[in-house]
Every structure is written in C-alpha cells, then in structure tokens.
*Asks:* 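Structure incoming, see below.
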Amino acid sequence: MVWLLLLVLVVCLVLSGTEYAYIVGAIAVVLFLVTGHGEHLTIVPQRVFSQLDSFALTALPMFILAGEIMGRGGVTRSLIDFSLSLMGKIRGALGHVNVLTSVFFAGVSGAATADAAALGNTLVPAMRERGYRGDYAASITAASAIIGPIIPPSIILIMYGALMETDIAALFAAGIIPGLMLAAVLIVSNAAFARRKGHPAGEPFDLQHLGEATRSALPALALPIVIVAGIVFGVTTPTEAGALAVVLAIAAARVYGMLSRTLLVDSLRRTVRLVGSIFVLIAASSLISYLAAIMGASDELSTAVAGSGLAGRAYLFSVVASLLVVGMFTGVRLGLFLVVPLIVPEAIALGADPVHTGIVVCLSLALGLITPPFGPVLLVTSAVTGVSYGQLVRGTIAFTSLHVVVLAVLAFLPGVSLWLPKAAGLL
C-alpha cells in the first residue's frame, strides 16, 4: 500500500508540471519516513552541501555559459556554410550537412536540445526548400542532436565525472571516437536514404567558397579544438578550460559581429537558471543515494547480482538495458543523478573500466532524448519544425536503431572508447 501511495504521488507531481528536482525531493522525504529512517533527515543539509562541494562541478557553469554565448553569437550559420562547402555535388548533401553541423556544434554547446533547436530553425527549412520531406529533415536533425552530449566538451560527461569521481579529461578523450561513430552511421544511412528517395545533390565544389567558409567558421571550429586539446594534453584543468571557453566564445561573438550587452545578459540569465536547476536536482537526488547507503542497498544489490550469475560484461549489458528504459521516462539528468549511483558502482566493482562505463552510461541515457513516450529532443524538434510528434517518432526509428547498434559495439568492445585516452596517457 505504501508503494502504491508513493506511485500515486509521483504521477500526480509529474502531471502537475512540477519540476523534476522537487519531485525527487518529495519522493526522498516520503521514502525516509515510510522506511522508518525519518531521524536521518536532520543530516540532510550536511549531505546536500557535501554532494555539491565538488571541484569538478565548477567547470559546469563555464561550459554552459560558453555554449549560450556561442549559440547566440552567429555560430550556427557559419558552421552550416562550412559543412555545405565540404559536401560538393553529393546526393543527399544537406542531410550530410545536418550531421556534420551537429558534430561541429557539439564542440560548442554540448547539449542535444540546443543542437536540435538551432538546426531545426535554420537547416530544416532549407532542406524543405530543396525537396526533402519535412518529417525526414526533422528526424535526422533530432537523431544527429544525440551527438552533442557525447563529443566533448560535454555537459553530461562533466556531471557524470563529478558524480562518480571519474577523471573528466579521460571522459572527454573517450567521448570523441564514439561521437564520430554516431555521426558515421548517420551519414551512411543518409546516403542510403538519398539514393532510395532521390534526395537532391548539393552545389558543385568551389575551392574559393570553401576557403571563405573556413575562415568564417574558424572561430567556432577552434573553440572545441583548443579546449579538448588543452584538457587531454594536461595544459589546462577542465575548470580552467571552461573559463578559457567563455573568453573564446566572447571573442568569437565579437568576430561574427553579434557581441552585445543584451547577448551577454541573456546568456548569463539562461546559464544561472540552468545551473541552478542542475544543482537543485543534484541536491535532491543526493537524498536518495544517502537513503540507499543507510539501508545498505549496495550490499543488497551485490548479493542480488551474485545470485543472478551476472558478472563483468553481462552485468554492464544489464545496466545498459536498464538505463535505456530509464532514459525513456526520466530524461538524462534525473536518470543520471537518481539511478546511476545505485547500479553503476557495482559494474565498476565487477571489473568494468570507470571511463568506459561512463561513456556507455551517458550514451544509454542520451538515447532517451529521442525515444517515446517523452523524448525531450523530439518535443523540441517538433515545436521548432512544426512536424508532428508521431511523425518524428516514426521517422527516427531507423536512426535510433543504428545508435543502439553503436551503443552495443561500445559496450562489448571497451577498447574503442578507451584507445584515445590511453594514447594520450590519461589512463
């Protein structure tokens, strides 16, 4: 009966539009009371502050601010022009441009919804004008947006690193190849769709236009290169790289002629709201992990895993399957802070590499952004492009299936994601 009442509470809070952080906080308090551990609530303030007292989290506001400034500073158009100049007269060129722009934009924003909103506003109308079906243009935009949370500098990788005490520099290096793999399967599938559906080719290759587009896009392209190289090769810490990213973002906005007081104020306001919501969610979710520790949940999980016969890679695959389902309903942040601390440490205890596990976990949760019943990226893309949610769900099935294949390969072959951090001496 208690758990039924708890379920009713969750459903009512979700339907009321309550923010996830308050839902998690309310659930945590109820759980403390119904499990007979109400006296431990007096330790909650200390627990919350200890969870937020993480040096790794200081990089988060900087990268978010840099992404906000770059997103408002004329970056999207320059990246699209640069990608288009690379394609030449290839069938399905604008579909390839969509994917390539997402790769470049990932190094600027690190957020899937920002990618989907930016390209949905600019590239999808251009694809429609060139003869692409609206649902296809919107679907490949949503699918390519998933690259954003994996290619560094990635907000979700920073949050995972802070939460699980995993080296962020190693996570950044490990995210590069998986992100490029996601892009590669989308480009191959877009080429196949282009031949089958007769998608139009691009403009003839023009070396002069490529040079002009490269010069225009250079400030945007330089940002992720400088940041990632600085972190991977030990020149800067992630926090220092975040501060450098803000400086470079302001310089890029100045180069594009978009720098203004309004841009900076709007970017700062958006950053404060977003960072505040993330920190409140971290604080609320820390109560769940605290209760789990009090109740010995990790020991019970270890016993259950030992009894099930799962070990090593088999348990990691079960974690992946669980997080794919969790991501469909909770979103990345809630799943990351609420579920990951409960089930991932056991995978690492069974021998999984922490960095490899982080990439697999973050990609598993990120796929929830483009899967029903919610799919925040689907919702954003639908709102921006005018394509119905149902059409987007049907249109992204093929792309999502390919992403799942990439996820399975990464989970089965740890060396794929670990090669670069090992080569850079981070592992």
Side-chain angles (χ1 to χ4, degrees), residues 58-86 97-98 100-126 141 144-145 147-149 151-155 158 172 209-231 235-278 380 384:
T58 58
L60 190 62
M62 294 296 185
F63 280 114
I64 293 176
L65 178 59
E68 290 294 325
I69 294 173
M70 291 290 275
R72 291 173 165 83
V75 172
T76 306
R77 175 50 59 187
S78 67
L79 291 177
I80 290 175
D81 290 342
F82 174 69
S83 301
L84 192 56
S85 67
L86 289 175
V97 168
N98 198 315
L100 284 178
T101 304
S102 290
V103 172
F104 298 138
F105 199 80
V108 173
S109 73
T113 51
D115 186 331
L119 297 189
N121 268 323
T122 53
L123 198 52
V124 170
T141 298
S144 62
I147 299 171
I151 287 186
S154 163
I155 294 172
I158 294 174
F172 275 11
H209 180 231
L210 174 60
E212 294 173 354
T214 302
R215 284 193 296 272
S216 176
L218 197 57
L221 296 174
L223 178 64
I225 294 174
V226 170
I227 293 170
V228 175
I231 294 175
V235 179
T236 62
T237 65
T239 301
E240 293 168 343
L244 178 61
V246 173
V247 174
L248 293 177
I250 293 174
R254 179 66 179 270
V255 170
Y256 293 129
M258 300 292 289
L259 184 62
S260 66
R261 180 180 177 182
T262 301
L263 180 146
L264 292 176
V265 171
D266 289 345
S267 298
L268 284 168
R269 284 176 175 169
R270 170 65 178 166
T271 300
V272 169
R273 287 196 295 267
L274 187 55
V275 171
S277 66
I278 292 173
V380 169
V384 170

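The residues of the chain are indexed from 1 along the displayed sequence.
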*Asks:* Taking side-chain contact (heavy atoms from CB on, under 4.5 Å) as the definition, give me every residue that meets it alongside R261, ordered by chain and number, with sequence neighbours left out.
*Replies:* V265
*Asks:* Specify the closest pair of heavy atoms between S144 and S102, including all atoms of both residues, with the distance to one decimal.
*Replies:* OG-OG, 2.9 Å
*Asks:* Could you give the distance from CZ (R273) to CG (L268), rounded to the nearest 0.5 Å?
*Replies:* 11.0 Å
*Asks:* Ignoring hydrogens, what is the shortest heavy-atom contact between I69 and A253? Give both atom names and the distance.
*Replies:* CG2-CB, 4.3 Å
*Asks:* Sequence neighbours excluded, which residues qualify as side-chain contact (heavy atoms from CB on, under 4.5 Å) partners of R254?
*Replies:* L259
*Asks:* Which pair of heavy atoms, one from T271 and one from L65, lies closest together, and at what distance?
*Replies:* OG1-CA, 3.3 Å
*Asks:* Testing the basics here: between F172 and P152, what is the closest heavy-atom pair and its distance to 0.1 Å?
*Replies:* O-CG, 3.2 Å
